[in-house]
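Structure first, commentary second.
Bear in mind that the values here come from a model prediction, so they are computed numbers and not experimental data.
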Amino acid sequence: MRTRAAARPASLKRRSAAGRAGGELFPSLSGHQTLEESAYRDLRRAIVEGRFAPGQRIVATAVAQATGVSRIPVMQALRRLEAAGFVRITPHKDVVVTGLSPAEFRERFLLMAALEGLCIRESVGKITPDLRSRLRALQKEMAAARAQQDAARAVQADSEFHRLLWEVSGLPQVIQILQNVWDRGEYYRVIMHARRGGFAKESLTEHEQILKALDAGDAARAAKAMEHHRMRAMRRLQQTT
């Protein structure tokens, strides 16, 4: 006679297999964190890293089955991603990763230029020697990664460089906006660097101008250098995507 304990392994085995299949793409869900938040983080990361490319459909049911969770938290996460501009949900509930038109690219870079400049202007008196040292270390990391043709490593250091300058401003709402805009452009930045044969040398030169202004204690000049850097980056991206 089969006991209930003996009857359970088959269904558990199927769920376990599904969980393993989705574990690589959705680590937070597989780790049994809060389901909606975990789905949001994992789906957002997959979009940012280009595993879901612009124009690609995301099937909520398939995501739910792959990770062994219900469809509800996945759809809740997708609605949050729609509000942040990462996906578009049609009236028929099709979910598509959004792309950026040339006008949207320009608007987002204008926004970043203005807000990153604002962050630096708000950081007067907060740029410590330790922060400058960390920025310098990241600049060296970008240069070393570029020399080794490791664009992914350079892009990661670049992200941290900018994030440090946002955070020192103490403007949490501005930082959140910048993070969303930055993440939406991650896929395109990776493509741009790949097509240019590696991390852009011009970015390092522009970063150096920002650092020199910060070393001199000239926040206004550093903010202008940041705005210049952002608009030059926009033109580089437009030329290569």
Side-chain angles (χ1 to χ4, degrees), residues 25-29 33-64 67 71-119 152 155-156 158-163 165-167 169 171-195 226-227 229-241:
L25 188 58
F26 302 103
S28 294
L29 280 173
Q33 298 179 20
T34 304
L35 294 180
E36 179 188 340
E37 184 62 29
S38 297
Y40 174 78
R41 290 179 181 178
D42 287 341
L43 285 164
R44 176 173 168 146
R45 185 183 302 111
I47 294 170
V48 166
E49 293 176 355
R51 286 180 283 165
F52 287 123
Q56 184 174 344
R57 290 181 66 229
I58 299 177
V59 181
T61 302
V63 172
T67 53
R71 187 173 179 275
I72 293 173
V74 175
M75 281 306 303
Q76 290 170 334
L78 288 168
R79 290 190 184 99
R80 286 178 60 186
L81 287 165
E82 182 182 39
F86 286 88
V87 302
R88 182 181 72 258
I89 302 177
T90 71
H92 300 292
K93 303 301 181 184
D94 284 335
V95 181
V96 180
V97 179
T98 54
L100 294 175
S101 69
E104 288 171 324
F105 264 124
R106 181 174 182 276
E107 181 180 359
R108 286 174 177 274
F109 273 94
L110 288 170
L111 180 61
M112 290 193 72
L115 293 184
E116 287 190 292
L118 172 64
C119 284
V155 168
Q156 183 177 358
D158 180 48
S159 297
E160 184 63 19
F161 181 96
H162 285 273
R163 194 167 291 110
L165 289 172
W166 305 344
E167 291 174 352
S169 71
L171 300 172
Q173 294 184 66
V174 171
I175 293 168
Q176 183 60 56
I177 294 170
L178 281 167
Q179 188 64 64
N180 276 336
V181 175
W182 183 272
D183 285 351
R184 282 292 313 281
E186 183 74 8
Y187 173 81
Y188 298 98
R189 284 195 301 277
V190 171
I191 294 296
M192 181 267 287
H193 288 302
R195 290 180 180 175
M226 177 63 79
E227 291 162 357
H229 169 51
R230 190 51 60 212
M231 300 314 294
R232 290 292 300 274
M234 178 186 73
R235 288 193 284 274
R236 286 193 291 271
L237 193 60
Q238 288 173 331
Q239 291 166 2
T240 52
T241 57

Which atom names give the shortest non-hydrogen contact between [X] and [Y], and what distance separates them?
| X | Y | value |
| --- | --- | --- |
| E227 | A113 | CG-O, 3.3 Å |
| F109 | M231 | O-SD, 4.2 Å |
| G99 | E104 | O-OE1, 3.6 Å |
| L178 | M112 | CD2-CA, 4.0 Å |
| E167 | I175 | CA-CD1, 3.7 Å |
| V174 | C119 | CG1-SG, 3.8 Å |

Original post:
Do E116 and L165 pass the side chain to side chain contact (heavy atoms under 4.5 Å, CB included) test, and can you show the C-alpha distance, the side-chain angles, and the key distance before you say yes or no?
Top reply: CA-CA 8 Å; E116 287 190 292; L165 289 172; over 6 Å; no
**OP:** Apply the test side chain to side chain donor-acceptor pair (under 3.5 Å) to residues R88 and T98: give CA-CA distance (whole Å), side-chain angles for both, the deciding distance (0.1 Å), then the verdict.
**Re:** CA-CA 6 Å; R88 182 181 72 258; T98 54; over 6 Å; no
Output the distance between atom [atom1] ([X]) and atom [atom2] ([Y]), rounded to the nearest 0.5 Å.
| X | Y | atom1 | atom2 | result |
| --- | --- | --- | --- | --- |
| Y40 | T34 | OH | OG1 | 15.0 Å |
| E107 | S101 | CD | OG | 9.0 Å |
| Q176 | L115 | CD | CG | 12.0 Å |
| R232 | R235 | CZ | CZ | 6.0 Å |
| L35 | T67 | CG | OG1 | 8.5 Å |

Subject >> pair V95-V59: side-chain heavy atoms closer than 4.5 Å >> reply: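 Of all side-chain heavy-atom pairs linking V59 with V95, none is under 4.5 Å.
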Original post:
Hey, does I58 have a side-chain heavy atom less than 4.5 Å from the side chain of V63?
Top reply: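 SC-SC contact between V63 and I58 confirmed.
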Subject >> Verdict with supporting geometry, Q56 and R51, side chain to side chain contact (heavy atoms under 4.5 Å, CB included) >> reply: CA-CA 10 Å; Q56 184 174 344; R51 286 180 283 165; over 6 Å; no
Show me the side-chain donor-acceptor pairs of residues 74-82 shorter than 3.5 Å, one per line, residues at least two apart or across chains.
from: R80; atom 1: NH1; to: E37; atom 2: OE1; distance (Å): 2.8
from: R80; atom 1: NH2; to: E37; atom 2: OE1; distance (Å): 3.4
from: E82; atom 1: OE2; to: I89; atom 2: N; distance (Å): 3.1

**OP:** Report yes or no: do R108 and N180 form a side-chain donor-acceptor pair below 3.5 Å?
**Re:**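 No pair is found: no donor N or O on one side chain lies under 3.5 Å from an acceptor on the other.
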**OP:** Report the C-alpha separation of F86 and F52 in whole Å, then their side-chain angles, then the decisive distance to 0.1 Å, and conclude whether the side chain to side chain contact (heavy atoms under 4.5 Å, CB included) test is met.
**Re:** CA-CA 10 Å; F86 286 88; F52 287 123; over 6 Å; no
So does [X] have more than 12 non-hydrogen atoms from other groups sitting under 6.0 Å from [atom1]?
| X | atom1 | answer |
| --- | --- | --- |
| L111 | CG | yes |
| E160 | CD | yes |
| R163 | CZ | yes |

**OP:** Apply side chain to side chain contact (heavy atoms under 4.5 Å, CB included) to the pair Q179 and W166, showing each step before the final yes or no.
**Re:** CA-CA 9 Å; Q179 188 64 64; W166 305 344; 3.7 Å; yes
**OP:** Look at the aromatic rings of H229 and H162 and report parallel, tilted or perpendicular, splitting at 30° and 60°.
**Re:**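 The arrangement is parallel - the two ring planes meet at less than 30°.
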